[in-house]
Amino acid sequence: MNIQRKYSLPNCTLLLEGLSDVTRAAHFQEMRPELSILVNAECYLSGYNQPLTGGREFFESLVRAVSGYAQEFLSSVPNPQAHNQESELVEFRKVDSNRHRLIIHSEGTPEGFDRSNNSKRPPIEIDLNTVQLFDLVEAVDQFFADTQTLPELSLELQPVTRRYGGASQALVRQAVPAAVGVSSLAVAAIAFNLIPPPQLRSPQPKTDEQSSSTINNITPPASAAATPIAVATPTLTPTLTPTANGKPAVKDLEALLNTVPEITDPSQLRALNRQVYNQVHPAWTNRSGLQQDLIYRLGVAADGAIVGYKAVNKEANLGVGQTPLPNVLYNPATRPTISNEPIAQFRVVFTTQGVLQVSPWRGYARTPEVVGAKITDSNIVKNLNQKLYNTVRQTWSGTRTFTRDLKYRVAVNKNGVIADYEPLNQVAFDYFRETPLPKMFNAIYGSNVAAPNDKEPLAHFQVIFKPSGNLEVTPWKGYQ
């Protein structure tokens, strides 16, 4: 199964493509399939139309060079790892305080970069400003924070004593103007005037002993002058990510659900159901080619983050690459590790007809209710009912292709302004663009997929769009 990992910053994007080694782990039982065999690496930089591409050797060399040069630049301690043109495919050279030359002695030279046409294939030279450099640093940092991508690739840190650090207030002043978009950890490292240069540990085959290990403590020399400060890049990434209590994070969804509370409140499940649908539905772009329905069990945190999935049927295990699930999982680099957070379970079905189905794994224990304060005064509700009808009626036009009633819950505030809407049946999901609701909602909030966090009381109504062109608006009686 082809696996992709993407680490994006405003000025740099790393895209890794590879495979999972099925002899090492049953990846379909994990929260995310492990990318353990790198096939292709692409580095997209702002200002250039074509990416830098290469295989594993190119990517490892890029990581070493970025790590070494970033620490050299911030600490003024020379780091030969950044300039090793004899054995490395990638090196950096400082041009001036805000220009950094990335040099690629590449396995393959991509088009779109300046180079002379001769048989020796001279290296690619790309000048980056400091903001671009540290976006690249942060992208590499995101990679190292992802324990499901090349977990055996890691960096070992060695502390540097302060007397060898040449950082000065002048260096801090020259770095500050470029701080927009720079990793906050990198900026913090500048303030400490000291960055330890990393050394890359050669990849070693995973063993049972290694797979259960945690991060080794990095202890500086006893000298008071030796203070190791880590920039964002050199993050040691073991197979299992330790949590705050020192215990490794659980990857298997089944095991995770056995160690955390389960969300069972029907009203909360209903709200999370919408969030799951809103994440997966637009990400499922290629809906053709499925021979059988693909069924998965999802674990979802209270904030809507999809933290894991597990194939329910054989076809789902084999066809996970045809779904967006690997791409919609939460990014461990930008969200705290799931430890004792409650988890909700959902059943997600990618049907052969191209229809997405999302429902609570155990169903609803009772009829869910709409969360939040409500307008209950009958006179106000009656007036808002008529106002909503008039607004929708006036804006509903165009060709109707649906053949069944489209049912929605629509909420408005005391002024009759739409504050929320929710499809109630599958055809309402499928044909929502033939109603004026998304346009009305988007015009106010800039999005048509999620309700704003509005605390004011709302009046709720059921709105039915009929194939005949008739419109029905009635006060909300609750979910059926």
Side-chain angles (χ1 to χ4, degrees), residues 1-10 13 15 17 31-33 44 269-290 293-309 311 316 319-335 344-361 398 401-402 406-411 418-453 463 465:
M1 179 187 70
N2 186 57
I3 302 171
Q4 285 190 348
R5 295 285 190 265
K6 187 176 182 181
Y7 310 100
S8 298
L9 276 299
T13 296
L15 179 64
E17 296 181 302
M31 290 194 298
R32 301 168 73 221
Y44 295 82
L269 287 175
R270 181 77 186 194
L272 289 173
N273 198 102
R274 296 175 62 192
Q275 293 190 50
V276 172
Y277 187 94
N278 289 339
Q279 292 180 71
V280 179
H281 178 71
W284 188 22
T285 55
N286 184 8
R287 305 197 176 204
S288 61
L290 295 184
D293 292 351
L294 308 183
I295 306 173
Y296 300 88
R297 181 165 57 145
L298 264 63
V300 180
D303 64 354
I306 300 174
V307 301
Y309 65 87
V320 68
Q322 296 175 270
T323 77
L325 293 181
N327 297 323
V328 297
L329 287 173
Y330 83 102
N331 187 344
T334 58
R335 187 190 189 282
Q345 298 187 68
F346 290 92
R347 184 177 188 267
V348 176
V349 183
F350 300 88
T351 69
T352 55
Q353 293 80 24
V355 176
L356 176 67
Q357 299 175 354
V358 180
S359 59
W361 181 255
T401 62
F402 55 91
L406 310 184
K407 298 181 179 181
Y408 298 86
R409 177 184 62 82
V410 179
I418 184 172
D420 187 21
Y421 78 97
E422 173 188 8
L424 298 177
N425 56 356
Q426 187 61 50
V427 289
F429 278 106
D430 299 336
Y431 293 93
F432 75 98
R433 290 184 180 86
E434 295 189 19
T435 77
L437 297 178
K439 293 181 180 179
M440 294 166 57
F441 198 79
N442 189 72
I444 300 171
Y445 304 105
S447 171
N448 62 5
V449 296
N453 185 17
V463 178
F465 297 88

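Bear in mind that the values here come from a model prediction, so they are computed numbers and not experimental data. Residues: numbered from 1 along the sequence shown.
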Side chains of [X] and [Y], heavy atoms from C-beta outward: is any pair under 4.5 Å?
X: L290; Y: T351; answer: no
X: T323; Y: Y309; answer: no
X: F350; Y: V280; answer: yes
X: P326; Y: V320; answer: yes

Next on the checklist: When you compare the side chains of E434 and T401, does any donor N or O come within less than 3.5 Å of an acceptor on the partner?
Outcome noted: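 A donor-acceptor contact under 3.5 Å links the two side chains.
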Looking only at heavy atoms, which two atoms of [X] and [Y] are closest? And how far apart?
X: A316; Y: Y296; answer: O-OH, 2.6 Å
X: G319; Y: L294; answer: O-CD1, 3.5 Å
X: P436; Y: F465; answer: CD-CE2, 3.6 Å
X: R287; Y: L356; answer: NH1-N, 4.2 Å
X: N327; Y: Q4; answer: OD1-O, 4.3 Å
X: A428; Y: K407; answer: CB-O, 3.4 Å

Any side-chain to backbone donor/acceptor pair from [X] onto [Y]? Under 3.5 Å, distance only.
X: N278; Y: R274; answer: yes
X: Q275; Y: V300; answer: no
X: N425; Y: L406; answer: no

Next on the checklist: Going by ring-ring contact (aromatic ring centres under 6.0 Å, His included), name the residues that satisfy it together with Y431, two or more places apart in sequence or in a different chain.
Outcome noted: none
[X] side, atom [atom1]; [Y] side, atom [atom2] - distance, nearest 0.5 Å:
X: I295; Y: R347; atom1: CD1; atom2: CZ; answer: 4.5 Å
X: K6; Y: T13; atom1: NZ; atom2: OG1; answer: 6.0 Å
X: Q345; Y: L272; atom1: CD; atom2: CG; answer: 12.5 Å
X: I418; Y: N442; atom1: CD1; atom2: CG; answer: 11.0 Å
X: E17; Y: I3; atom1: CD; atom2: CD1; answer: 11.0 Å
X: Q357; Y: F346; atom1: CD; atom2: CZ; answer: 15.0 Å

Item to check | Check: F432 ring centre within less than 6.0 Å of Y408 ring centre | outcome: no
Checklist entry - Near R433 CZ, under 6.0 Å, is it more than 12 heavy atoms from other residues, nucleotides or ligands? => result no
Checklist entry - CZ of R409: more than 12 outside heavy atoms within 6.0 angstrom? => result yes
Checklist entry - For R270, what residues pass the salt bridge (Lys or Arg N to Asp or Glu O under 4.0 Å) criterion, not counting sequence neighbours? => result E422
